[in-house]
Amino acid sequence: MGMHANRIESGTPEGDALGFVESLYSGWIEIRDNHLLYLHFIISRYKNEGNTQALIRRWIMQGYDVRVVMPRPIMQHILQKLHFVRAEESLPEWYDEIVECWRQPAEWLLSPSSFPVDHKVSGEPADPGCPES
């Protein structure tokens, strides 16, 4: 592997520092040296409260290039609200095949400040449980 990758699970000190706390989520992410953050697996402990969307927004605002690996339909719905696009990547450290990997549009990677922070879908609940930095 050409770059350093670090697997981080929810509920660990590294996960807690990223807002990936065990009280809200179960799962694991991967962070690479070049500020790439792959969300490989997540279960939200409180469904339909906006916690997962707030977490992804937080990571983006912190300057991470967030990618979501093989998202289920409910996650795809969240990612579409955040204007993510479907792509494919090779992650041979974890998967034998090319995998579906949703990501931010390329123009947003140049400037996280252009991310639509206040983009809110009608009927979407507020999320007081996940502070944004």
Side-chain angles (χ1 to χ4, degrees):
M1 173 164 54
M3 63 187 89
H4 180 264
N6 186 22
R7 178 181 169 133
I8 299 172
E9 297 191 16
S10 58
T12 62
E14 297 89 352
D16 290 351
L18 291 163
F20 198 46
V21 295
E22 193 168 29
S23 61
L24 295 177
Y25 312 102
S26 176
W28 70 280
I29 60 177
E30 170 191 4
I31 298 222
R32 297 193 177 192
D33 286 337
N34 55 351
H35 238 54
L36 265 173
L37 187 152
Y38 287 91
L39 176 57
H40 287 269
F41 182 74
I42 188 169
I43 294 174
S44 177
R45 298 192 190 281
Y46 302 98
K47 306 281 189 248
N48 301 316
E49 292 189 12
N51 293 322
T52 301
Q53 184 172 332
L55 181 66
I56 293 170
R57 286 176 187 267
R58 173 182 175 160
W59 291 336
I60 292 167
M61 296 309 296
Q62 290 174 339
Y64 287 99
D65 175 0
V66 178
R67 314 232 173 146
V68 181
V69 181
M70 297 183 290
R72 293 184 173 170
I74 188 67
M75 177 61 83
Q76 290 178 16
H77 178 72
I78 291 168
L79 296 173
Q80 288 168 344
K81 287 194 277 184
L82 296 172
H83 303 285
F84 274 50
V85 295
R86 185 189 184 283
E88 292 184 340
E89 289 193 38
S90 173
L91 301 171
E93 310 85 9
W94 311 110
Y95 309 100
D96 292 334
E97 306 285 326
I98 300 289
V99 294
E100 178 180 344
C101 195
W102 288 53
R103 58 178 292 167
Q104 298 166 255
E107 62 271 15
W108 289 0
L109 299 179
L110 300 175
S111 173
S113 63
S114 66
F115 179 72
V117 175
D118 54 12
H119 175 75
K120 185 163 171 47
V121 174
S122 177
E124 178 182 316
D127 185 14
C130 190
E132 298 194 37
S133 299

- Task: Please round to the nearest 0.5 Å and tell me the distance separating atom CD of Gln76 and atom CD of Gln80.
- Result: 6.5 Å
- Query: Side chains of Glu30 and Trp28: donor-acceptor distance under 3.5 Å anywhere?
  - Reply: no
- Would Glu93 and Arg32 pass as an ion pair if we require N to O under 4.0 Å? yes
- Query: Which pair of non-hydrogen atoms, one from Glu22 and one from Gly11, has the smallest distance, and what is that distance?
  - Reply: CB-CA, 3.6 Å
- Message: How about NE2 on His35, more than 12 heavy atoms from neighbouring residues, nucleotides or ligands closer than 6.0 Å, or not?
- Response: yes
- Task: Is it possible for you to say whether Ile74 and Val69 belong to one hydrophobic cluster, with membership spreading through side-chain heavy-atom contacts below 4.5 Å?
- Result: no
- 4.5 Å side-chain heavy-atom contact, Val85 and Arg103: yes
- Is any side-chain heavy atom of Ile78 closer than 4.5 Å to a side-chain heavy atom of Val68? no
- Heavy atoms, side chains only, cut-off 4.5 Å: are Ile60 and Phe84 in contact? yes
- Mind listing the closest non-hydrogen atom pair of Thr52 and Ser44 along with its distance? OG1-CB, 3.6 Å
- Query: Could you give the distance from CD (Gln104) to CG (Leu79), rounded to the nearest 0.5 Å?
  - Reply: 10.0 Å
- Message: To the closest 0.5 Å, what do you measure between CD1 (Ile42) and CG (Asn51)?
- Response: 9.0 Å
- Task: For residues Arg58 and Ala17, report the shortest heavy-atom separation together with the two atoms involved.
- Result: NH2-O, 3.6 Å
- Item | Check: Ser26 and Arg45 side chains under 4.5 Å, non-hydrogen atoms | yes
- Message: Applying ring-ring contact (aromatic ring centres under 6.0 Å, His included), can you list everything that pairs with Tyr95, at least two apart in sequence or on another chain?
- Response: His40
- Message: In this structure, would Tyr46 and Phe20 fall into the same cluster of hydrophobic residues linked by side-chain contacts under 4.5 Å?
- Response: yes
- Residues Thr12 and Glu9: closest non-hydrogen pair is OG1-O, 2.7 Å
- Heavy-atom distance under 4.5 Å between the side chains of Leu18 and Gln62, does that happen here? yes
- Item | Contact summary for Tyr25 and Gly19, nearest pair of heavy atoms | CE1-O, 3.5 Å
- Atom CD1 of Ile29 and atom CG of Leu39: how far apart are they, to the nearest 0.5 Å? 7.5 Å
- What's the spacing between Met70 CE and Met75 CE if we round to 0.5 Å? 12.5 Å
- Message: Using the rule that Ile, Leu, Val, Met, Phe, Trp and Tyr join whenever any side-chain heavy atoms are under 4.5 Å apart, tell me whether Ile43 and Tyr38 fall into a single cluster.
- Response: yes
